Structure formats: structure tokens, C-alpha cells
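Right, one structure below, let's go through it.
These figures come from a predicted structure and were not determined experimentally. When a ligand or atom number is given, it counts from 1 through the structure's own listing order. Note that these values count all heavy atoms, side chains included, but never hydrogens, waters or copies made by symmetry.
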Amino acid sequence: MSGKEVATLYSYWRSSCSYRVRIVLNFKGIPYEVKPVNIWKKDEHLTPEYCAINPMQQVPALRIDGRTLIDSISIMHYLEETRPEQPLLPSDPADRAKVREIVSVIASGIQPLQNVGLLQLLPEEERVQWAQRVINKGFTALEKLLANSAGKYCFGDSISIADCCLIPQVYNARRFKVDVETYPAIARIDKDLLSHPAFKDAHPDNQPDAVKDAK
Ligand SMILES: N[C@@H](CCC(=O)N[C@@H](CS)C(=O)NCC(=O)O)C(=O)O
């Protein structure tokens with residue numbers, strides 16, 4: 001990115017995938033502006049222009065370094081590879097695999113199954129119950145994975161992309177009234193990281209009103 005160019009994050013303030021990318025941008029100190037895309041108002045927000053940016057018609061998308069990227073995990077890896085100074089992956093391949101395992105449980109095993117696009121297909125009265133089932137199953141698996149990794153965070157004592165995925169997923173879990181406290185490792189990491197500046201500034205509640213209210 002040239003010194004003058006500021007990245008643009010197309011995102012919805014409550015989207016956990018957008019929240020992941022905000023954390024990484026903050027953690028790595030990358031300046032960005034937000035273009036709100038309200039995924040609940042598809043007719044107004046999923047314009048042909050936006051669908052050309054993200055053909056999956058989802059958030060987030062990131063304009064950076066003269067290119068546009070979609071998919072939060074691909075974006076995280078791009079930022080990690082192009083801005084390695086504040087690392088979010090361990091150097092050992094086996095350790096990286098362990099971090100990616102956790103990322104995968106969240107990004108493939110939980111989030112897509114409780115995504116609004118899917119929930120809207122279910123009768124309203126079944127949505128919360130379905131989301132709770134998916135999250136509880138995933139969190140039970142995560143607790144087992146986290147038990148094998150002694151340390152403050154998802155993998156040891158360094159913050160990794162696994163933490164950048166976990167905290168937004170915990171936010172979602174609470175919105176669906178999952179009792180996060182019954183998952184001690186997850187609850188502990190969440191408590192610790194909610195006060196970390198990069199995570200705190202990325203939290204949906206801390207987004208500017210202009211972004212939250214975007215019609
Ligand atoms: N694999 C994509 C998933 C993106 C995704 O599911 N985004 C959600 C919000 S967190 C969305 O746009 N949902 C609206 C829809 O699918 O209609 C990523 O990680 O960026």
C-alpha cells in the first residue's frame with residue numbers, strides 16, 4: 001500500500017467475519033476506512049457494484065494495496081504475509097497447523113452453519129435453537145483443542161489468527177444466548193482479549209454510530 005492509500009473495509013458492524021478482519025487490521029496498525037454493507041437489507045446494499053466486488057454477496061471485502069480481496073480468512077493470511085511485523089502465526093509449521101485447526105473449526109465448522117443467510121431459510125422460531133446447537137457442538141470441540149495448548153491464548157502465549165476468529169464467534173454465541181461461561185478456556189481467553197486495544201476497538205459495540213446506523 002502506498003503511504004497515502006488507506007484501506008477500505010466493506011463490512012457490517014455485527015458480522016463476525018468483518019469483526020475478524022477489524023481485529024487484524026487494528027493489531028497490525030493498518031489504517032482503514034469502513035464502507036458499511038447492511039446484510040439484512042440486501043435489496044439496498046447488495047448493489048450490482050458491491051456484488052462485483054464480492055460475488056459471494058457477503059461481507060467482508062477489503063480494498064488494499066490496489067487490489068480487492070474477499071473472504072475473511074484469505075484476507076487475514078494476506079495481511080499476515082504482507083505485514084509480518086506483528087505476527088499472528090507461529091513460525092513452526094506444526095504450531096501453525098494447530099492454529100489453523102482452531103481457525104477451521106470456527107470458520108468452517110461453526111460460522112457458516114449459523115450465518116444469517118442460512119438462518120433466514122429456517123422458520124423464525126427454530127433459528128436460535130439451531131444456532132445454539134451448532135455453536136455448542138463447535139465450542140465443545142474447541143474446549144478439547146484448547147486444553148491441549150497450555151498458555152494464555154488459543155495457542156500458547158502469543159495472540160494468533162485463531163484468537164482473531166474466536167472472539168467474534170464468542171460475540172455471536174452471546175447474541176444467541178449460549179452460556180459461554182460453561183466453556184472455561186473460551187471464557188478465559190475472551191475475558192482477557194476483550195480489553196486488548198486491537199480487540200476492544202474492533203468490537204461491534206465500539207463502532208461509530210454512523211457505521212451502525214448506515215441505512
Ligand atoms: N467465508 C466468508 C463468509 C462470509 C460470511 O458468511 N459473511 C456473513 C456475515 S459474517 C454474511 O455476509 N452473511 C450474509 C449472507 O450470507 O447472506 C468469510 O470468511 O468472509
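For the pair K42 and ligand 1, a heavy-atom separation below 4.0 Å is found. In this structure, A107 falls outside the shell of residues with a heavy atom less than 4.0 angstrom from ligand 1. The shortest separation from a heavy atom of Q111 to ligand 1 is under 4.0 Å, placing the residue in contact.
Close contacts between ligand 1 and R20 involve ligand atoms 19 (O) [criterion: under 4.0 Å to a heavy atom]. Set against the non-hydrogen atoms of P60, the atoms of ligand 1 under 4.0 Å away are 20 (O). Numbered from 1 in the order shown, with element, the atoms of ligand 1 that lie under 4.0 Å from a heavy atom of V116 read 13 (N), 14 (C). Listed by number with element, the atoms of ligand 1 under 4.0 Å from a non-hydrogen atom of S16 are 10 (S).
Annotation: the span from Y12 atom OH to K212 atom NZ amounts to 11.0 Å, rounded to 0.5 Å.
Looking at K28, its side chain does come within 3.5 Å of a backbone N or O of Q86 through a donor-acceptor pair. For R22 (side chain) and S11 (main-chain N/O), no donor-acceptor pair under 3.5 Å exists by modelled atom type.
Within the 4.0 Å heavy-atom criterion, both parts of D71, backbone and side chain, lie near ligand 1. At a heavy-atom cutoff of 4.0 Å, ligand 1 is contacted by the side chain of N115 but not by its backbone.
In terms of protein heavy atoms, atom 12 (O) of ligand 1 is closest to V59 N, 3.0 Å. In this structure, atom 20 (O) of ligand 1 lies nearest to the protein heavy atom S72 N, 2.8 Å. The closest protein non-hydrogen atom to atom 3 (C) of ligand 1 is Q58 OE1, 3.6 Å.
Y10 and Y50 have tilted rings, their planes meeting at an angle from 30° to 60° on a 0 to 90° scale.
The hydrophobic cluster containing Y78 also contains V99, counting ILVMFWY residues as joined when their side-chain heavy atoms lie under 4.5 angstrom apart, directly or transitively. In the hydrophobic clustering of ILVMFWY residues, with side-chain heavy atoms under 4.5 Å counting as a link, I75 and I70 come out apart.
Under a 4.0 Å N-O distance rule, the pair R63/E33 does not qualify as a salt bridge. By the 4.0 Å N-to-carboxylate-O rule, R174 lies too far from D179 to be salt-bridged with it.
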